[in-house]
Amino acid sequence: FRRVLFRSVASGRIGLPQGSAWDWAETLIGDDFALTADVDLSAAARGVTGGLQVRPDVRVTGGAMRLAAVARPEGTDRVLEVRVGSRDVEVLQGSRTLRWGEPFVAWLRGRRGAGRRERMRLEEARITTSALEVTASGTSDSSEIRWTADLGRLLADAGEVLDLGGIGLAGSTRGRAVVERVPATGAVTAVLDGGLSGFRASVPGLPEWDDDEVAIGARAAGTLSPGSLVIDDGRFDYAAAGDRLEVTVGGGAVVDPSALFVGGWIRAPAGVTAGVVLEGDVARWQARFCRLPGAAALAAMRCGGSVRASAALEGAGERWRVTRAAAEVDALALDEGRFVEPRVVATAAGSIDAAGGGLEVSSAEVLSASMSVRTGGLALLPGGAAPASTSLERLRGRVQWQVDVGRLEPWFAGAEVAARWPAAGRAWGTAEIQDTPAGVNVLLDATGSQLSLSRAEPAAGEPAGRTVWEEPRARFSCEVTRGPVGDTLSIDRVALESSTVALAAAGTIHDGSTVPRVELGGTVSYDWTLLSRLASPWTGGRIDLAGGA
């Protein structure tokens with residue numbers, strides 16, 4: 001039994017592909033030909049080594065595709081018509097067989113006048129599925145694309161042949177894009193206007209993206225050359241539910257589409273400027289941004305509040321200089337309201353390595369009622385420049401901080417514990433990470449003043465708000481060095497000075513196993529009475545020790 005893989009009937013003269021798809025179409029419309037071709041996808045899958053793979057775990061096993069094309073005269077004009085369709089596509093995903101009855105139909109009709117200088121004009125090009133319709137018209141110098149899509153149906157159709165892992169999508173989208181080109185100069189202008197209605201997007205583990213009405217607009221003017229686009233003036237706008245994002249670029253940014261997924265796809269020579277303005281609800285922006293590549297960590301903590309942020313950037317070759325960045329957040333709520341800040345103000349300046357992913361902060365400050373954080377120099381090294389890939393081990397620089405212990409207590413101990421056992425006092429210090437001949441060195445220093453712990457719900461006969469522990473002043477310091485090789489961290493020193501505990505030690509941390517092993521040598525002295533009072537939030541005050549060591 002033999003099965004036909006490919007059947008074709010052709011007549012006339014058909015030119016081979018040369019140049020761009022549009023250039024080839026210009027060639028084809030001048031020929032006289034007729035072509036029909038039918039492809040048996042199941043036979044093709046058996047005839048190709050490894051089968052027809054959509055991805056490593058998905059193979060096409062059945063279905064058919066049909067292509068019909070004709071170029072002919074029509075009066076004094078020339079006409080090109082092409083139609084492509086598929087049906088009964090069958091896909092094997094692991095051991096599961098999935099079927100897609102009528103995936104798509106696509107066709108185009110082009111026309112060219114009789115004159116020698118006449119160029120082909122696309123009267124209509126259309127791609128149609130059960131959930132999507134895209135149309136295009138125009139010439140190589142001026143074209144327009146329109147689209148409409150039912151996003152829920154589109155996802156359902158895709159789910160017939162792919163395991164989407166619980167992703168949900170609903171709503172509809174429509175819009176148009178217009179591109180104008182001047183061949184003599186390479187100048188290009190593009191305009192996009194689109195929108196979403198009833199948009200819902202859900203991904204397991206991420207907050208739901210929910211926008212009833214979204215308006216999206218983009219404008220760009222520049223120069224197109226083989227392999228790159230120079231943007232002299234560009235703008236992107238996103239508006240939904242009172243939220244707004246605006247991105248502007250000017251001065252000749254160079255975009256390389258071939259590097260879009262490998263980094264370094266946009267270069268910013270001197271003179272290029274960019275600006276970003278963001279306003280709106282923090283929770284809604286979190287839901288939108290955490291779906292960006294590499295940004296899933298943004299979903300680790302549910303946030304709330306309202307934000308106003310802006311940044312101004314200048315090009316510097318492979319880097320962007322951030323000349324000004326500022327943000328103000330009102331009524332910031334973290335971890336679903338567990339931690340609330342009435343107002344947070346942040347400013348920063350530095351530079352970004354667009355290709356390598358490095359970041360340098362020349363100055364930054366974050367101020368709130370609970371804390372202040374400042375730095376005069378902080379760097380996040382590119383991924384390949386550090387021995388490990390974690391962001392913490394890629395950090396270098398020095399940070400100064402100051403906190404209100406009482407306001408931060410709910411964050412560490414929980415709101416209920418903080419209400420029963422209110423803490424008070426101030427703490428401040430520095431954290432510094434630097435490279436030394438011995439390896440990466442981490443130095444932490446912290447000082448606490450007028451620290452105290454009270455009992456809000458006193459026992460019988462006790463006064464309300466009784467202080468159970470207090471420390472006039474305490475200081476902690478620690479220095480750790482990781483060598484260039486090996487899995488051992490050297491604890492150069494660790495010290496704690498207070499009336500409750502005094503510690504001075506040094507040692508090593510062996511972190512080559514699942515459970516790190518710590519070896520310390522030194523001296524320690526402590527007051528059991530004060531330690532038991534300090535542990536009251538966890539023991540409930542039921543344990544009372546006495547003595548010292």
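Heavy atoms only: backbone and side chains are in, while hydrogens, waters and symmetry mates are out. The shown structure was predicted, so the numbers you read here are calculated from the model rather than taken from an experiment.
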**Prompt:** Can E133 and T148 be said to form a side chain to side chain donor-acceptor pair (under 3.5 Å), step by step?
**Reply:** CA-CA 5 Å; E133 183 172 272; T148 61; 4.8 Å; no

**Request:** Please lay out, stage by stage, how T436 and N441 fare under the test side chain to side chain donor-acceptor pair (under 3.5 Å).
**Result:** CA-CA 7 Å; T436 67; N441 179 266; 5.4 Å; no

**Request:** Could you please spell out the steps behind the side-chain contact (heavy atoms from CB on, under 4.5 Å) verdict for E124 and S137?
**Result:** CA-CA 5 Å; E124 182 184 45; S137 61; 5.8 Å; no

**Request:** Take L378 and V399 through the test side-chain contact (heavy atoms from CB on, under 4.5 Å) and record every step on the way to the result.
**Result:** CA-CA 8 Å; L378 192 66; V399 173; 4.1 Å; yes

**Request:** Verify side chain to side chain donor-acceptor pair (under 3.5 Å) between S197 and E213, making sure each step is shown before the conclusion.
**Result:** CA-CA 5 Å; S197 297; E213 292 293 335; 3.3 Å; yes

**Asked** Going through the checks in order, is the side-chain contact (heavy atoms from CB on, under 4.5 Å) test met by V344 and V366?
**Response** CA-CA 7 Å; V344 178; V366 179; 4.0 Å; yes

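Side-chain contact check for R235 versus E246: some heavy-atom pair is nearer than 4.5 Å. R374 has its side chain within reach of S372: a pair of non-hydrogen atoms, C-beta onward, lies under 4.5 Å apart. Within the 4.5 Å cutoff, no side-chain heavy atoms of D141 are placed close to those of V182. Side-chain contact between L245 and V276 is present, with heavy atoms from C-beta onward closer than 4.5 Å. Residues I216 and L192 are in side-chain contact: their nearest non-hydrogen atoms beyond the backbone lie under 4.5 Å apart. Annotation: side chain of I491 is not in contact with side chain of L489 (no heavy-atom distance under 4.5 Å). For the pair T173/L151, a side-chain contact is recorded, criterion being any heavy-atom separation below 4.5 Å from C-beta on. Side chains of L443 and D445 form no contact here, defined as non-hydrogen atoms less than 4.5 Å apart.
Remark: the backbone N or O of R398 is paired with a side-chain donor or acceptor of T375 at under 3.5 angstrom. Judged by distance alone, with hydrogens and angles left aside, the side-chain atoms of E409 form a donor-acceptor pair with the main-chain N or O of A423 at under 3.5 Å. The main-chain N or O of A349 is found under 3.5 Å from a side-chain atom of S362 such that the two form a donor-acceptor pair. Judged by distance alone, with hydrogens and angles left aside, the side-chain atoms of E471 form a donor-acceptor pair with the main-chain N or O of T500 at under 3.5 Å. For the pair E26 (side chain) and M120 (backbone), a donor-acceptor distance under 3.5 Å is present. Between the side chain of D211 and the main chain of V214, no donor-acceptor pair closer than 3.5 Å is present. At distances below 3.5 Å, at least one donor-acceptor pair connects side-chain atoms of T323 with backbone N or O atoms of A312. Under the 3.5 Å distance criterion, the side-chain polar atoms of R407 are left unmatched by any main-chain donor or acceptor of A424.
Put simply, the residue from F199, F289, W285 that forms a ring pair (Phe, Tyr, Trp, His ring centres under 6.0 Å) with W209 is F199. V255 pairs in a side chain to side chain contact (heavy atoms under 4.5 Å, CB included) with only one of the listed residues (V249, I231, L224), which is I231.
Residue R176 qualifies as enclosed at atom CZ: its count of foreign heavy atoms under 6.0 Å is above 12. The 12-atom threshold is exceeded at CZ of R308, counting heavy atoms of other residues, nucleotides or ligands nearer than 6.0 Å. Environment of CD in E416: sparse, with no more than 12 heavy atoms of neighbouring residues, nucleotides or ligands closer than 6.0 Å.
Among all heavy-atom pairs drawn from S477 and R493, the shortest one is OG-NH1, 3.0 Å. Of all heavy-atom pairs spanning S370 and L408, the tightest one is CB-CD2, 4.1 Å. Smallest separation of non-hydrogen atoms from T223 and T185: CG2-O, 3.9 Å. Contact record, A253 with V272: N-CG2, 3.7 Å, taken as the closest heavy-atom pair. Considering all non-hydrogen atoms of both residues, G222 and D232 come closest at CA-OD2, 3.5 Å. Nearest heavy-atom pair across R291 and P207 is NH2-O, 2.8 Å.
The closest side-chain donor-acceptor pair between R426 and Q450, if any, does not fall under 3.5 angstrom. Using modelled atom types, one finds no donor on one side chain facing an acceptor on the other under 3.5 Å when comparing R324 with T347.
Salt bridge annotation for D435-R396: present, with a cationic side-chain nitrogen under 4.0 angstrom from a carboxylate oxygen. A salt bridge is absent between R343 and E341: the closest approach of a Lys/Arg side-chain nitrogen to an acidic carboxylate oxygen does not fall below 4.0 angstrom. Using a 4.0 Å cut-off between charged nitrogen and carboxylate oxygen, E314 and R321 count as a salt-bridge pair. We find that R200 and D212 are joined by a salt bridge, their nearest charged nitrogen and carboxylate oxygen being less than 4.0 Å apart. In this structure, R475 does not pair ionically with E497, as no charged nitrogen and carboxylate oxygen lie closer than 4.0 Å.
Put simply, CZ on R219 and CG on D233 are 11.5 Å apart, with the number rounded to the nearest 0.5 Å. In this structure, CD on Q434 lies 13.5 Å from CG on L395, to the nearest 0.5 angstrom. Here the straight-line distance linking atom CE of M301 with atom CZ of F339 works out to 9.5 Å at 0.5 Å rounding. Once rounded to the nearest 0.5 Å, the distance linking OG1 of T139 with CD of E144 reads 12.0 Å. With values rounded to the nearest 0.5 angstrom, L278 atom CG is found 8.0 Å from D243 atom CG. Rounding to the nearest 0.5 Å gives a distance of 5.0 Å between CZ of R319 and CG of D353.
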